[in-house]
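Note that this is a predicted model, so its numbers are computed, not measured. In the text below, chain A, chain B and the rest are named by the order of the sequence lines, each starting its count at 1.
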2 protein chains.
Amino acid sequence: MFSQSEENYIKTIYHLETISNKGISTNAIAKKLETKASSVSDMIKKLSEKELVVYKKYQGVKLTPFGKKNAANIVRKHRLWEVFLVDKLNFSWDEVHEVAEQLEHIKSPKLINQLDALLGFPTHDPHGDPIPDKDGNLNVIDKILLSSLLKTETGVCVGVDDSSSEFLQFLDKKGITLGKKIKVLEKEDYDDSLTITIENQKLSISNKIANNIYIKKL
Amino acid sequence: MFSQSEENYIKTIYHLETISNKGISTNAIAKKLETKASSVSDMIKKLSEKELVVYKKYQGVKLTPFGKKNAANIVRKHRLWEVFLVDKLNFSWDEVHEVAEQLEHIKSPKLINQLDALLGFPTHDPHGDPIPDKDGNLNVIDKILLSSLLKTETGVCVGVDDSSSEFLQFLDKKGITLGKKIKVLEKEDYDDSLTITIENQKLSISNKIANNIYIKKL
DNA sequence: AATAATTTTTAGACAAGTCTAAAAATTATT
DNA sequence: AATAATTTTTAGACTTGTCTAAAAATTATT
Ligand SMILES: [Mn+2]
Ligand SMILES: [Mn+2]
Ligand SMILES: [Mn+2]
Ligand SMILES: [Mn+2]
């Protein structure tokens, strides 16, 4: 099949396509993968030869349906493993990503199918991100950023946009975790900071924080 | 840490050392890894620089205590994953090896510790092989080959020497699995074939088969 | 002990994946 | 429209791990 490196590239392109849907630029890929643009340029040619992406020089890349299917499968594996780590091995949500980055490359369809069953066919990972099904389809729920909630509105925390350990640990400290109910008491015009209630606690959070938390409105 | 390739080399040397305890020859390693002697020669130099093995030209290699500790840890991971696949994901004992070959390279001490706990701290893998503890020590039970049992003697099947799918599937077909009680009814002088009873069934097996089944005498 | 056979090492090449530095193309600014 | 800034690609080099072919060392056989 594909090398670990090739898999990381198509996964990155997949993620970038969920944001922009234009051709993905060499630089954007390089930044996400923490590599050099020249390396990306080289790899893109290989991916193109393998029909994983469509590529015209200087125009960025797009995944082919074949590339998208493969990328979605890697994301599926990543997120299923994250669920496994949290549900079965008592990892916290800020510890799983690094390990899942390794586990996502294990090649065994049976392993993933059985893991899926063991976990009870989860639809979302520990960060609220949807798990693609075997065909690469995902069940997207309509979530909005906490920063877009208005004063007096209420919602449930359903995901995070930043999955870094630092941010997740910060949320843990504040008691903000998936499933918690949040009500906006105040919204400062000056800096867009919020005062919210969560589990009967009053809490003040900056706009930067509110911009990384997804809410489903109630 | 060490690359996947380096890990495969020290694991192979580790296994070969359990058989011979002399310096392990370049050719022996090449054969097990299905690679060329020249590649082994190259890699041995690298392992030696990294203090994983002691090496004098033309003399074969031996693992250093450091190398042995690392190798045992890879074997530990391999066997714990095999238990996981059988106990939690309904794999059969002939399906696990290939996947465990991949999983053994995942780097995360917490993952392995938690997996160990999830599995109830198993001491042996699905093929009856002992699982090294965190320090690399293993609990070796005194097992003997079925071929060394004498007429009228009885034992319990506790392991296999050949873990290939073909052999394991053959054993499944014959109903020979770990924990089964076996009694030797007859032993042919001519070809050393055996007639045994297992689960009240009379069965005839060749010496080649009997040479790959481990028994604990009763 | 000399010769033959085998094992092991070295020399040189290659593929994958990455990098730096420089060239080419594109995009932004005057 | 010309120039400047930025992005992207190419050229050439390096590392890891592998290979083939040949040389060197060891072991076996006469
Ligand atoms: Mn993740
Ligand atoms: Mn996630
Ligand atoms: Mn195995
Ligand atoms: Mn095993």
### Message
Using a 4.0 Å heavy-atom cut-off, does A:K45 contact any base of the nucleic acid, only the sugar-phosphate backbone, or nothing at all?
### Response
sugar-phosphate
### Task
Whole angstrom is fine here: how far is it from CZ in B:F2 over to C1' in D:dG17?
17 Å
### Query
Taking atom CD1 of B:I10 and atom CG of B:N70, what is their separation to the nearest 0.5 Å?
5.0 Å
### Task
Measure the distance from CD on A:E7 to P on C:dA16 and round it to the nearest whole Å.
16 Å
### Query
Rounded to the nearest Å, what distance is computed from the CD atom of residue B:E49 to the P atom of nucleotide D:dT15?
13 Å
## Note on the structure
Between B:H105 and A:Q102 the two heavy atoms that sit nearest each other are O-OE1, 4.2 Å
### Task
Using atom CG of B:N8 as one end and atom C1' of D:dT16 as the other, report the distance to the nearest whole Å.
14 Å
Acceptor/donor pairs from residues 33-41 of chain B side chains to any protein atom, 3.5 angstrom cut, sequence neighbours excluded:
none

### Task
Return the stems involving DNA chain D, sorted by first number, where pairs are Watson-Crick (N1-N3 with N6-O4 or O6-N4) or G-U wobble (N1-O2 and O6-N3), both under 3.5 Å, and runs are 3 or more long.
C:1-30 with D:1-30
### Message
So if I take residues 34-42 of chain B and measure heavy-atom distances to DNA chain C, which residues fall below 4.0 Å?
### Response
B:A37, B:S38, B:S41
### Query
Are B:K107 and B:E7 close enough for a salt bridge, meaning some N to O gap below 4.0 Å?
yes
### Query
Rounded to the Å, how far apart are B:Y55 OH and C:dT7 C1'?
12 Å
### Query
Parallel, tilted or perpendicular: which fits the ring planes of A:F2 and A:F66, with parallel below 30° and perpendicular above 60°?
perpendicular
### Message
Under 4.0 Å, heavy atom to any atom of DNA chain C: which of residues 10-29 of chain A qualify?
### Response
none
### Task
Using whole Å, report how far CD of A:Q4 lies from C1' of C:dA16.
13 Å
### Message
Tell me whether the count of non-hydrogen atoms from other residues, nucleotides or ligands lying under 6.0 Å of CG in A:D142 goes above 12.
### Response
no
What nitrogen or oxygen pairs link the protein and nucleotides 23-27 of chain D at under 3.5 Å?
| unit_1 | atom_1 | unit_2 | atom_2 | d |
| --- | --- | --- | --- | --- |
| D:dA25 | O4' | B:Y58 | OH | 3.2 |

### Task
Answer yes or no: does a side-chain N or O of A:Y9 lie under 4.0 Å from OP1 or OP2 of C:dA16?
no
## Note on the structure
CD1 (A:I112) and CG (A:L80) are apart, to the nearest 0.5 Å, by 6.0 Å
### Query
Which atoms form the tightest heavy-atom contact between A:H127 and A:V96, and what is the distance?
CE1-CG2, 3.7 Å
### Query
Do B:N211 and B:S147 meet the criterion of a side-chain donor-acceptor pair at a distance under 3.5 Å?
yes
### Task
Send over the distance from B:M43 CE to C:dT10 P, rounded to a whole Å.
16 Å
#### Entry: Option among B:K46, B:K50, B:K11, B:K45 that satisfies the salt bridge (Lys or Arg N to Asp or Glu O under 4.0 Å) test with B:E6
B:K50
### Task
Could you check whether the rings of A:F167 and A:F170 sit parallel, tilted or perpendicular, using 30° and 60° as the cut-offs?
parallel
### Query
For the residue pair B:V99 and A:S108, what are the closest heavy atoms and their distance?
CG2-OG, 3.8 Å
### Under the ring pair (Phe, Tyr, Trp, His ring centres under 6.0 Å) test, residues paired with A:H124 that sit two or more places apart
none
